[in-house]
2 protein chains.
Amino acid sequence: METISNKPMDDIEGKEKANTVMEEKMLPEITARYETAMFTVNRKLNAMIRELTPGDLTAEQLSTLRYIRSKGSATSSELADIFCVGRSSITAIITRLSAKNLIIRRLDEKDRRVIYLELSEEGTRLTDEMETRILHLFSKYLVDFDSEEAMLFINVLEKLAKVLAETADGSGNQQ
Amino acid sequence: METISNKPMDDIEGKEKANTVMEEKMLPEITARYETAMFTVNRKLNAMIRELTPGDLTAEQLSTLRYIRSKGSATSSELADIFCVGRSSITAIITRLSAKNLIIRRLDEKDRRVIYLELSEEGTRLTDEMETRILHLFSKYLVDFDSEEAMLFINVLEKLAKVLAETADGSGNQQ
DNA sequence: ATAGAATAGTTCAATAGTTGAACTATATCA
DNA sequence: TGATATAGTTCAACTATTGAACTATTCTAT
């Protein structure tokens, strides 16, 4: 993934070093701006999605459904990893989704410890409906960005996600 | 805020329209990639920051302290707006922070309905310490990005935050 | 083959965050 | 002045999360 711009920066041969130094200096500012903006984006988007969601479904529950929808099925441990929470937390969420008949537990016949989580028909329908609504919401805001900046943004965001995900270290929680 | 790249896209005069059409088509893909990456980034970063934080301080509490630190002082209503939650939620958080002697309630003498929230000495010390740790954490990851892509990313992120914040509509919650 | 370790998931108690309604107190405005 | 709006709190109900203890399986190393 290389940058698109061809506007040269310093180009006194030591490109590598020049960039590093500059960032060192700008670190506090970049960090502060990143955090402030990220905070606002997350809070506002979550609030908006919350308003789109049927009253008896929480943000975590919706995220869980959507993740399973995207993968077809998932296990508790996988969800705990992805969501960076303990497994007991996932159990609680799954129990509630199951009580609402949105999720089905399917036993693995080979390894009888594992349980595959899948969406029920109703769960699939509801998740698809939410996907549509969210897409519609996003489309309202995406028109303010041109393709190029949007793609650049997404690429850097994905790179960041990759870098963070690779640092498997803490990863938040486990037992 | 204009894009930096000078690599022309289509330039058959109808730049405006060309871009719009292209995004329309790419909307589902962009949305999916954005959401997936954003989800990972948030979960991972939150988990990492959680690990840096003294055990008796939660993510919400830390965010609250940091916001107040950045502004000097804030009111409950202001925090409820920024955090997109109800005021009673803020009351609960403030009560706990106050019990830990990290926050002080200062009464406004002009308008006796409002209460300014400020950090105590201990709150200031703790928040500054956390800022340092977070900066250190970020610096580990920022080296993977060059200045240019970092700045582009931040600019688009801030633009997104601005667009979302301006849509004052739902804003999540209020009473 | 089997004992010990690892893995997948659940249960439970405790705590934090959130909602929404009802409430108090104060300020604004018409 | 009386109605309305604003700032904040309290309360009950609920969800999410943690961490420890637990069951049930599977793996692995001798």
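The model shown is predicted, which means the values in this text are computed figures rather than measured ones. Here is the naming used below: chain letters follow the sequence lines, and residue numbers restart at 1 for every chain.
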Could you state the atom-to-atom distance from [atom1] of [X] to [atom2] of [N] in whole Å?
| X | N | atom1 | atom2 | answer |
| --- | --- | --- | --- | --- |
| B:Ile94 | C:dT18 | CD1 | P | 12 Å |
| A:Leu57 | C:dT18 | CG | P | 18 Å |
| B:Glu60 | D:dT15 | CD | P | 18 Å |
| B:Asp56 | D:dT18 | CG | P | 16 Å |
| A:Ile115 | C:dT10 | CD1 | P | 5 Å |
| A:Phe83 | D:dT18 | CZ | P | 13 Å |

Counting the atoms with a prime plus P, OP1 and OP2 as sugar-phosphate, which does [X] contact under 4.0 Å by heavy atoms, base, sugar-phosphate, or nothing?
| X | answer |
| --- | --- |
| A:Thr95 | nothing |
| A:Thr91 | base |
| B:Ile90 | nothing |
| A:Ser77 | sugar-phosphate |

Taking only the side-chain nitrogens and oxygens of [X], find out if one of them lies under 4.0 Å from OP1 or OP2 of [N].
| X | N | result |
| --- | --- | --- |
| B:Arg105 | D:dT9 | yes |
| B:Arg113 | C:dA25 | no |
| A:Ser76 | C:dT10 | yes |
| A:Arg50 | C:dT19 | yes |
| A:Arg96 | D:dA16 | yes |
| B:Thr58 | C:dT15 | no |

**Report entry** Distance flag, aromatic centroids of B:Phe39 and A:Tyr67, threshold under 6.0 Å
**Finding:** no
Requested in this report: Compare the minimum distances between each of C:dT19, D:dA16, C:dG9 and the side chain of B:Val85, then state the nucleotide with the smallest one.
Outcome: C:dT19
Query - Listed nucleotide nearest any side-chain atom of A:Asp111, set C:dA27, D:dT26, D:dG8 - result: D:dT26
Report summary line: Note: for B:Ala74 and A:Arg112 on DNA chain D, the residue whose nearest nucleotide lies more 5' is B:Ala74
Requested in this report: Report the relative orientation of the aromatic rings in A:Phe153 and B:Phe153; use parallel for angles under 30°, tilted for 30 to 60°, perpendicular for over 60°.
Outcome: parallel
Query - Contact check, side chains of B:Asn42 and A:Met38, non-hydrogen atoms, under 4.5 Å - result: yes
Query raised in the report: Looking at C:dG9, does its base get a donor-acceptor pair with the side chain of A:Thr75 below 3.5 Å?
Result: no
Query - Main-chain N/O of B:Leu52 paired with B:Arg133 side-chain donor or acceptor, under 3.5 Å - result: yes
